[in-house]
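First the structure, in the form of structure tokens, and then the observations on it.
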Number of protein chains: 2
Amino acid sequence: MLLSTKGDYGVRAMIDLAKHEGEGPVQRAEIARRRQIPEAYLDHLLAQLRRDGFIRSTRGPAGGHQLAKTPDEICLLHLLESLEGSLAPMQCLENDDPQEEAICGQDWVWQEIYDDMRAKLASVSLADLVEHEREHERERATAARYVI
Amino acid sequence: MLLSTKGDYGVRAMIDLAKHEGEGPVQRAEIARRRQIPEAYLDHLLAQLRRDGFIRSTRGPAGGHQLAKTPDEICLLHLLESLEGSLAPMQCLENDDPQEEAICGQDWVWQEIYDDMRAKLASVSLADLVEHEREHERERATAARYVI
DNA sequence: GGTATTCTCGACCATTCGAGTCAACATTGT
DNA sequence: ACAATGTTGACTCGAATGGTCGAGAATACC
Ligand code: FES
Ligand code: FES
């Protein structure tokens, strides 16, 4: 498994924040409920996202979390790298730790896959994710109408 | 990390076998030495590869392991899936375990990445890996000649 | 038949990582 | 003052990783 729950949950949370942009701070509890994330665990993810400047948090009553940038300025690659640390599919690609070629001989394949993956992740913004989700909702709504 | 040492070591071993195809059985100890794999650990990987029909093994003096198919009939995808079990980058892609779309909303990105990855892995055969390695060796030999 | 060589299989083990939980504390609106 | 909310670090518990080990089985060779 390349991604742990951190990446998944963290992105879910960011999608939620993006969806409620401009409505003031969103509380931890709300995010956790809507996105099915253990509340106490979500804390750590939000902390990480704050450290890396993706969100701002305010304490006290009516406090909560909100995006620190606009959704189209945030790409999936940076988000996930913040949450997961590194997305390298193999140890040896983590930094540049080139093995003796004679010993392994498959690094090049994984380097290509890694590059493609990063490119794709970099091309998807939080705004895209929200847009996709909204579209999905519309589809479901239409389908429901047909059933009725 | 998507791949554990199993995948890496296992593929290394297969490359080694492919490189010495037609020279009779290759011993565990030789593979382990050349490819820097703990000998006792390699056992388990070879066992798995045998179970899935990639290699044949013979016991007794002058025994060892050899490919059960030609190198161009073996692709990286099948190899790694045998060694690692599943290459799904996220839990939810492991089978078809579709989450409520409203909860997560990013599955589609990873589905695309997963598909691309599998396609690429399926397109690389053991023969390709050996060819790449040989080419690398030739380059190094040429470079060495210049130094002299 | 005996012995050396090699693979085979399962049990065992240590360490790390994943996924949380919890409690104490800081901040702020009313 | 007090209640709501976020912040932090310590802690836990189970699973996965990355091995090791030893008994046994097959086989070539003398
Ligand atoms: S050491 Fe990098 S792929 Fe094997
Ligand atoms: S549940 Fe599949 S990506 Fe979040």
Side-chain angles (χ1 to χ4, degrees), chain A residues 1-13 16-17 24-33 35-52 54-68 80 83-92 94, chain B residues 1-13 16-17 24-33 35-52 54-68 80 83-92 94:
Chain A
M1 219 66 50
L2 181 56
L3 271 73
S4 67
T5 53
K6 283 184 195 168
D8 191 4
Y9 289 171
V11 173
R12 289 192 205 182
D16 204 73
L17 290 182
V26 180
Q27 279 109 24
R28 182 181 76 151
E30 268 191 89
I31 306 174
R33 182 177 45 72
R35 302 294 169 159
Q36 308 247 64
I37 307 169
E39 218 175 310
Y41 192 39
L42 180 54
D43 266 2
H44 297 311
L45 310 178
L46 292 171
Q48 181 60 39
L49 291 168
R50 183 161 9 85
R51 259 178 251 126
D52 286 348
F54 292 109
I55 63 176
R56 282 177 297 116
S57 309
T58 47
R59 307 189 191 194
H65 311 270
Q66 36 196 326
L67 295 184
L80 286 171
L83 290 159
E84 295 278 351
S86 161
L87 299 179
M90 303 201 76
Q91 190 72 37
C92 63
E94 195 100 327
Chain B
M1 221 65 50
L2 181 57
L3 271 72
S4 67
T5 53
K6 283 184 196 168
D8 191 3
Y9 289 171
V11 172
R12 290 192 204 182
D16 204 73
L17 289 182
V26 180
Q27 279 108 24
R28 184 180 76 150
E30 267 192 272
I31 305 174
R33 181 177 45 71
R35 301 294 169 160
Q36 308 246 64
I37 306 170
E39 216 175 312
Y41 192 39
L42 180 54
D43 262 4
H44 297 311
L45 311 178
L46 292 172
Q48 180 61 40
L49 292 168
R50 183 161 10 86
R51 259 177 254 127
D52 284 350
F54 292 109
I55 63 176
R56 282 178 296 118
S57 309
T58 47
R59 306 189 193 196
H65 310 270
Q66 36 196 328
L67 296 185
L80 286 171
L83 291 159
E84 296 277 351
S86 161
L87 300 178
M90 304 201 76
Q91 191 72 37
C92 61
E94 195 100 326

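Fair warning: this is a prediction, and the values are worked out from it, not measured in the lab. Sequence lines set the chain letters: A, B, ... in the order given, protein chains first and strands last, and positions in each chain run from 1.
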Under a 4.5 Å cut-off applied to non-hydrogen side-chain atoms, are Y41(A) and K6(A) in contact? yes

Any side-chain heavy-atom pair from E94(B) and M1(A) closer than 4.5 angstrom? yes

Salt-bridge test for D8(B) and R12(B): reply yes if a basic N is under 4.0 Å from a carboxylate O, no otherwise. yes

What closest approach, in Å, do A13(B) and L42(B) show between heavy atoms, and which atom pair accounts for it? CB-CD1, 4.0 Å

Opening and closing nucleotides of DNA chain D in contact with chain B, under 4.0 Å to non-hydrogen atoms: dG18(D) to dA28(D)

Could you pull out all residues at least two apart from D52(B) that satisfy salt bridge (charged side-chain N to carboxylate O under 4.0 Å, His left out)? none

Output yes when at least one side-chain N/O atom of Y41(A) is less than 4.0 Å from OP1 or OP2 of dC22(C), else no. no

Output the rounded distance in Å from CD (Q27(B)) to C1' (dA4(C)). 13 Å

So Y9(B) and S4(B), do their side chains get closer than 4.5 Å, heavy atoms only? no

Does S57(B) have a side-chain nitrogen or oxygen under 4.0 Å from the phosphate oxygens OP1 or OP2 of dC7(C)? no

In residues 44-52 of chain A, which residues come under 4.0 Å of DNA chain D by heavy atom? H44(A), R50(A)

Take atom CG of L3(A) and atom C1' of dC17(C), then tell me their distance rounded to the nearest Å. 15 Å

dC9(C) P sits how many Å from R28(B) CZ, rounded? 13 Å

Those residues at least two apart in sequence (or on a different chain) that pass side chain to side chain contact (heavy atoms under 4.5 Å, CB included) with Q66(B) are P25(B), R56(B)

Rounded to whole Å, please give me the gap between CZ in R56(B) and P in dT6(C). 18 Å

Sidechain N-carboxylate O distance under 4.0 Å for E39(A), R28(A): yes

Rounding to a whole Å, what distance do you find between M1(A):CE and dT16(C):P? 22 Å

d(NE2, H65(B); P, dC7(C)) in whole Å: 4 Å

Give the minimum heavy-atom separation between L17(B) and I31(B), together with the two atoms involved. CD2-CD1, 3.9 Å

Which donor-acceptor pairs under 3.5 Å do side chains of residues 57-64 of chain A form with protein atoms, sequence neighbours excluded?
from   : atom 1 : to     : atom 2 : distance (Å)
S57(A) : OG     : R50(A) : NE     : 3.1
S57(A) : OG     : H65(A) : ND1    : 2.8
T58(A) : OG1    : G64(A) : N      : 3.4

Which atoms form the tightest heavy-atom contact between I55(A) and L46(A), and what is the distance? CD1-O, 3.6 Å

Value in whole Å for how far the P atom of dG18(C) lies from CE of M90(B): 13 Å

When you match K6(B) and D43(B) each to their closest nucleotide on DNA chain D, which lands nearer the 5' end? K6(B)

Nucleotide N/O to protein N/O under 3.5 Å, stretch nucleotides 24-30 of chain C:
from    : atom 1 : to     : atom 2 : distance (Å)
dA26(C) : N3     : R59(A) : NH1    : 3.0
dT27(C) : O4'    : R59(A) : NH1    : 3.4

